[in-house]
Structures are given as C-alpha cells and as structure tokens.
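Okay, so here's the structure we're looking at.
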Amino acid sequence: MAKVKGPTPQSQDFSQWYLDTIQLAELADYAPVRGTIVVRPYGYALWENIQRVLDGMFKETGHQNAYFPLFIPLSFLQKEAEHVEGFSPELAVVTHAGGEELEEPLAVRPTSETIIGYMWSRWIRSWRDLPQLLNQWNNVVRWEMRTRPFLRTSEFLWQEGHTAHATREEAEDETARMLGVYLKFAREYAALPVIPGKKTEREKFAGAVYTTTIEGMMKDGRALQSATSHFLGQNFARAFEITFQDKDLQEKYVWTTSWGLSWRIIGGIIMTHGDDQGLVLPPKLAPIQVVIVPIYKAESKERVLSAAKTLESELAAAGLRVFTDDRDQYTPGYKFHDWELRGVPYRVELGPRDVEANAAVIKSRIGEKETVALGELKDLLPAQLEAFHEALLSRALTYRKARTRVVDDYEAFKEAVAEGFALAYHCGDPACEKAIQEETKATARVIPLEFPKHGVLQDDEALRETGEGVCIRCGRPAAYGRRVVFARAY
RNA sequence: CGGGGCGUAGCGCAGUCCGGCAGCGCGCCUGCUUUGGGGGCAGGAUGUCGCAGGUUCAAAUCCUGCCGCCCCGACCA
C-alpha cells in the first residue's frame, strides 16, 4: 500500500474536492492571468463531445453556425439600457492597439447580442429574411471578481444562439424550444436532473423581457444555472433599429431571442456525479467510455497485450470509445485508481487467467467487479453504459428530491436552503428577494414551468403544483401562482 | 476595495524566531526486479529561497520598499 493520491474528501471540504479533482484528473489547470484556465486535452475532449451533441441538436432545429468578432465598439454595449448596466462592471476593454490609443475603446465581447443586432439591422429588410436562426461557438470575457474553474472564469467557452422573428409568438416559441433542447441535453446526455422554468425579474438576463433556465443541484446542495434561453422581446430590435417590412406593408421591429450553454456545464457534471474517488462521467459524453487494463508478467505480456488489442478493435467497431492502457511503468492497481479518478464509466481487466479462460473482469465506476466471456463484451458493454447513464440520472434525481423541501415559514426556509432547495411562495418583489439573499445567502433560482409542446416537463410532481399562498418572508400575497425554488447558488 | 494567509526543486512543505554547507516527502531520470487495487532495491538530476535595495566577514533567515497568489467578505445572467 503506497501513499494515497486523491482529492480531498467531499465531506471534508466540497469546494477543495472540486478543485483537487479538476487538477488531478487533468481536466484543466490554472493559467498565469487571474481567473483564466487552460483546458487540458482530457477536459477538452469532454467539451468536444458536449459540442458535438449540442451542435447536432441545433442543426436539427434549423439553426446555422456563424462567427461574429471578438471586439465590439464600446458604444454598442451602451445602446440597451439594462444591458449596459448589467455588463459594464465586468467588461474588459481594449484602449490601445498598434502602439496607439484607439479613437473608440473596444469591448472584448461579454456576449454578442449587440454586434449581432447591428449586423441584423443591415441584413434584415423583409419578412422574407426572417427568421434568422444563428448560433456561434466562441469565447467571451467577463471580469468576475471571484473565479472558479469552469464555473466562473474570466474567459469562457460557450455557444450563444441568436434568433430574430417576425412575431412575438414565434420568438417566444423559439425561447421555449431551445430550453427544451437544453433540458433534453442535460437529462439524456449529461444525466443531470435539472429543473426548467423562468427566472424572476431580479435574476433575469440584462436586456431580456424574461429568461428561462435549467437549474441543477450539486452534491453540496447548492444550485447551478446550467443553461439559459432568453426572450428579448423588441429590446435589442429597438436599440439597433432592426426592422422589416411585413406582409401587411407595415415596417416593424423584429422579436429576438438568445440562448447559451457554457463550459460551466462541465462543473455541473463534476459536482453532480463525482465522488471521493474523483470524477464520474456520464457515458454519452465521456472521452473514454471503456478502458482496458492489461495485466501481465514478462512471460505472458505478449499474449495478454495481443488479446487486449483484439478486444479494443472489437469494442471500437461496436461504436465504443475505448482505450487500452498499456503503459509499462505503472502497476494494474495504479491504473485502476487513475482511471477511476478520471471518471471512466467502465473498466475491463484482462490478465493471463482471463485470456486462458476466454473471459475478462469488468467493473463499472459505480459498481462491483464481474467476470464475463470475452465474446459477449461488444454487446454487453453498450447496454451496460446505457444502464450506467440511467443509474447516474436517477441517483442524482433521488438526491435532489431528498434535499428539496416544501416550506411555509421563514425558519424552515432558512434550514432548507442551508441543505438544498426550498420550494416557497414569494411576493415577487425584487427588494424582498434581495432581503432574502442578505438574510440567508439564498436567491430565487427558478419558477418551475412546463412547455409541453417542446418537451419541457418537470421530473418531480412537487414542481408541477400550482396554488396561491403568501410570501415566505414578508407575508404579502404570492406571485407566480406556484412555489419558487430558492437555493444558494454558484 | 476591507480582513486574513502564503511566496524555498515540477507539486506539497520544513528551515526564518536565534544569520554560518539548500533540506524532506511525492513526482522525474537510469538499471535491476515486480505487475489481479496506488510495488521493491540501488543510483541520479533538478533552486534567481517572489523582486529590488540595505545591514553584515557572511542573508532564505535581520531591515526598508515593491510585486504576485490564495482564502473570507463585498460583487456577480
């Protein structure tokens, strides 16, 4: 037994566990500039899988990718009142270039509504130019005061979708449709049981009419906003004069939406599924789904490695992302720990005894070892990975439900948000929300809603209930006609 | 911006009080051996002691100034 190389236990210090795990699993490392990170190959492979899946879903819903510039004239950000107020404090601004002071400072984009709005004002003339259904994969910069890898970094990677429509109905429909895409991605690929719904006025996007969101619960009971889809109304259309001539010959402002998902979702995956051994990755996104660890002595090395390579080819042919760890300098035990730390869903151990018996030992990242005939693996493992996904999703949902409490008095509310989610009535007054935050550190995370047309449904009966009540804090009549999810958030 | 802490090998740290050969663990390199849950033995490499100045025969250590990072708070789609 040698020294233990592993993350700080979750129970001891969850935040430290998170930071340790990212470093030890080689997902990312700190970069020289405060708040910036380097995404290492293993972490980037995870991001690429996220990109590939989501990009396919965007294309299926009719969107096209484009690319808008990193630099935006500072004046653009100032055209929409709420937008400028929301983003000014965290803007990075370029004042010098080419050895000279610039005539107009350039904002490094914190998001692209403004520059896209500007371009649309030039491109859109007729109702025939609508809808515009665009997406871009890029980086944005927001100079946050406190940073944390993946969750809040000075620069981050994401996708931002932007659409423009002829009617309000169409734009609102788009907003709900894309929330549905994110919800599907979260549940069916990332195994994250998230709660869909609307943000309160206080928590909405700066410049939106309203913001929809999916909110997840991390293993420490805190909430993570995992993606957002905004209905922007005509706010940006008016700011940038984006108009079109409609069928009825009238000149009208377009209706726009925007929606985004960032690498923060990686943080969500880590903190939802991980354990004291390290990462646990959902199989559909895992860079490596199955790792083969060959076990041999000098005399059996050739036989075992040959069998491992044959198996690798078979599994790859069956569509699995498989890797054979034939590093000679490490013992099998070391490799077991190493791949568990990296969250690989399934491991196949292949030694002389197994090769002799035409079998292998398999072990799920969250289960026990079992012996299986070699020939069965290519059919068995894909089914096992599917089951693994379901196990992660249901485990996380069970956990969230256990840490969610329906509360009707403020003391119970305080206890609930110290541990997880509180479902409570609220008056809807932003000042009251602020007071709650000051008194409990909790904020309104989401008003649970469903949009059945787009598959946006709750996974917990308690989130579906409607009703009238009085505000948990001030006792005034409640808004929204249902309970709101409150929690401490990342 | 307020409060606290830390800068010494790739990483984690001791040494600083009381000035006197630059250390420990892990990792890394070489060889032999080992390999079914983080092996063993032997040998080896690696330092602008955050930066600048000062005191001294002598500074990681004392003095002065500066810089950076981390944590807590404020801030934050």
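These figures come from a predicted structure and were not determined experimentally. In what follows, chains carry the letters A, B, and so on, assigned in the order in which the sequence lines appear, proteins first and then strands, with residues in each chain numbered from 1.
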[X] has an atom [atom1]; how far is it from atom [atom2] of [N], in whole Å?
X	N	atom1	atom2	answer
A/Tyr334	B/G40	OH	P	13 Å
A/Gln16	B/G5	CD	P	19 Å
A/Arg365	B/G37	CZ	C1'	14 Å

Between A/Arg483 (side chain only) and A/Leu463 (backbone N and O only), is there a donor and an acceptor less than 3.5 Å apart?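 Pair absent, no side-chain N/O of A/Arg483 close to backbone of A/Leu463.
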With a 3.5 Å cut-off and just heavy-atom distances, do the side chain of A/Lys363 and the base of B/G36 make a donor-acceptor pair? no
For [X], answer base if it contacts any base atom (sugar-phosphate contacts may also be present), sugar-phosphate if it contacts only those atoms, and nothing otherwise; contact means non-hydrogen atoms under 4.0 Å.
X	answer
A/Val361	base
A/Pro352	base
A/Thr213	nothing
A/Trp158	base

Answer with yes or no after comparing the ring centroid distance for A/Trp120 and A/Phe236 against a 6.0 Å cut-off, counting only values under it.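 Ring-ring flag for A/Trp120/A/Phe236: false, centres at least 6.0 Å apart.
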Is the A/Phe68 to A/His162 ring centre distance short of 6.0 Å?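 No, the ring centres sit 6.0 Å or more apart.
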Which protein N or O atoms sit under 3.5 Å from an N or O of nucleotides 28-35 of chain B?
{"residue": "B/C28", "atom": "OP1", "partner": "A/Tyr330", "partner atom": "OH", "Å": "3.4"}
{"residue": "B/U35", "atom": "OP1", "partner": "A/Lys297", "partner atom": "NZ", "Å": "3.2"}
{"residue": "B/U35", "atom": "OP2", "partner": "A/Lys297", "partner atom": "NZ", "Å": "3.4"}

